[in-house]
Amino acid sequence: MFKFKIIAECPVTGARAGELITPHGIIHTPVFMPVGTLATVKAMSPHELEAIKSQIILGNTYHLYLRPGPEIIAQAGGLHKFMNWEKPILTDSGGFQVFSLARLQKITDENVLCRSHIDGSQLIMSPEWSMYMQGVLGSDIAMCFDQCVEIPTTHEKAEEAVRRTTLWAERSKEYFDAHNDANRQALFGIVQGSVYDDLRIRSANEITNMNFPGYAIGGLSVGESHEEMYRILDVLKDIMPHEKPRYLMGVGYPSNIVEGIARGIDMFDCVMPTRNGRNGTMFTSFGRVNIRGQKYAHDFTALDPECDCYTCRNFTRAYLRHLAMCGEILSARLCTWHNLRFTIRIAEQAREAIIEGRFPEYIERFKSQFHDDNHGED
RNA sequence: GGUGGAAUGGCCGAGUGGUCAAUGGCAACAGACUGUAAAUCUGUCGACGGGAGUCUACCAUGGUUCAAAUCCAUGUUCCACCA
């Protein structure tokens, strides 16, 4: 029920186009996966997610464990039914919350003692806990419970996280194999190692030896420079199994996605399109646009003339600015709509270019057009 | 007509003799955001100057005082109540 097939590859860069077969449908890669932490991609209905061609979305184990909790999800018949999303879902293990909620917890090899960020009550996170909850959620792809560390960090701390991540991957797999339904769900391993080449290599070897159906690169996009991120991806490119899907967790930024694809990454997820959309920072073919800027008050052009989304085809920058300035709900909706469609389209266009054998040209065009610093001024 | 109260920076609103260019909030302007504790957060916000600082400011005018947004007088406007 789970299979990955590479259908085209860029001979210059190694970028791949593939098909990931899951119980809820085929995913065409490279793919960008919108984040829907709490059983909703913020501001978007499932119907709208389909309209922007989302192939798969994320859910979060930790957040859904706290609210609404496993009983209600189970009673609903799983996460797909609960939120009425019939396409594939990937669930994060709660590993990232070990990182982002670090202040609220104590980490040992055994487990993570944590306080709920909602009411302060105690809970214990562990590989077994995560596999149980992801089983309840019934996601198509579950993730191993891992430990992500901040950057900068020491080699020593990064090494400890690598060791623990391997230990937890073994326990995740053991529990998963014994209790989860392999016909409905696949479990991916996660490589850690921060910005240290030796640790990345070690982690990749340890994790890939466990023979997961797919592998993720975690612990990036947490403070390192883009150059460091790309260097790590270059290091991992030749170590990670060629025939398995590769997922770069938490990325993200448009140019990071393109560069990631060029380094053999097949899957991405990130809150950036949704969160930045709600906060008024828009991505366009020419770079970033802070739609709240005064300079857009009288700008009656489309946000991104090259974009095919509902927002760009129907509304002006002046109107989007107005909605954003007023804090209107529609602002969050239209801005999220565009940012997600824009990001999804990057992966679509890259895929098309790979299949048609013109990926190097695609990436050159993207880089010459998308400028990080010009804020959308051409 | 009478009695009482109020007037503060774009707006609301603290501040009742020096430490006040004046707390807060809002608006505005700019920035941040990468496996979501985020429809959030940060900075700026009288003028000039790089800065030290200088100037103009708390309805108006006059006064008291070494010193006034703060006290007094008069005026103006607004509010409440009574006729």
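Just the heavy atoms: all of them, side chains too, but no hydrogens, waters or symmetry mates, feed the values below. Since this is a predicted model, take the numbers as computed values, not measurements. A, B, ... follow the sequence lines: proteins, then strands. Residue 1 opens every chain.
Using P as the reference atom, G18(B) and A22(B) are 15 Å apart when rounded to the nearest Å. If you take atom P in G10(B) and the same atom in A28(B), they sit 16 Å apart, rounded to whole Å. Straight-line distance between the P atoms of A7(B) and C12(B): roughly 12 Å, to the nearest whole Å. Only the P atoms considered, G4(B) is 49 Å distant from U40(B), to the nearest whole Å. For the C1' atoms, the distance from U74(B) to U56(B) is 25 Å, rounded to whole Å. The same atom, P, is picked in G53(B) and in A73(B); the two are 38 Å apart, to the nearest Å. The gap from the P atom of A6(B) to that of U44(B) amounts to 35 Å, rounded to the nearest Å. When the P atom is used for both A68(B) and U61(B), the distance is 15 Å, rounded to whole Å.
Base pairing annotation: C48(B) forms a Watson-Crick or G-U wobble pair with G53(B), both donor-acceptor distances under 3.5 Å. Pairing for C71(B) is with G63(B), a Watson-Crick or G-U wobble pair whose two hydrogen-bonding atom distances lie under 3.5 Å. With a cut-off of 3.5 Å on both Watson-Crick or G-U wobble distances, the partner of C58(B) is given as none. The partner of G10(B) is C26(B), by the rule that a Watson-Crick or G-U pair needs both atom distances under 3.5 Å. When both pairing distances are held under 3.5 Å, A32(B) makes a Watson-Crick or G-U pair with U40(B). Pair assignment for C78(B): G5(B), on the basis of Watson-Crick or G-U wobble contacts that are both within less than 3.5 Å.
For R333(A) and A39(B), the CZ to C1' distance is 13 Å, given to the nearest whole Å. Between the P atom of C29(B) and the OH atom of Y296(A) lies a distance of 13 Å, rounded to the nearest Å. Taking atom CD1 on I291(A) and atom C1' on C29(B), their separation rounds to 16 Å, with Å as the unit. Rounded to whole Å, atom P of A39(B) lies 18 Å from atom CE of M325(A).
A side-chain hydrogen bond (donor to acceptor under 3.5 Å, both in side chains) check over residues 323-333 of chain A, counting only residues at least two apart or in different chains, returns the pairs E48(A)-R333(A).
With sequence neighbours left out, the ring-ring contact (aromatic ring centres under 6.0 Å, His included) criterion links Y230(A) to no other residue. Applying the ring-ring contact (aromatic ring centres under 6.0 Å, His included) rule to Y247(A) yields no partners; only residues at least two apart in sequence or on another chain are considered. The ring-ring contact (aromatic ring centres under 6.0 Å, His included) check on Y132(A) picks up nothing, with sequence neighbours excluded. For E9(A), the side chain to side chain donor-acceptor pair (under 3.5 Å) partners at least two apart in sequence or on another chain are H242(A).
Below 30°, between 30° and 60°, or above 60°: for F283(A) and F342(A) the angle between ring planes is below 30°, a parallel geometry.
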Under 4.0 Å protein heavy-atom contacts per nucleotide of nucleotides 33-38 of chain B, with B for base, S for backbone only and - for none: BBBBBB

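Nearer the 5' end of RNA chain B, as judged by each residue's closest nucleotide, is the contact made by Q294(A), out of E328(A) and Q294(A).
If you run side-chain contact (heavy atoms from CB on, under 4.5 Å) between I261(A) and each of I354(A), I363(A), D266(A), only I354(A) comes through.
Side chains of H47(A) and N84(A): a donor-acceptor N/O pair is absent below 3.5 angstrom, by distance only.
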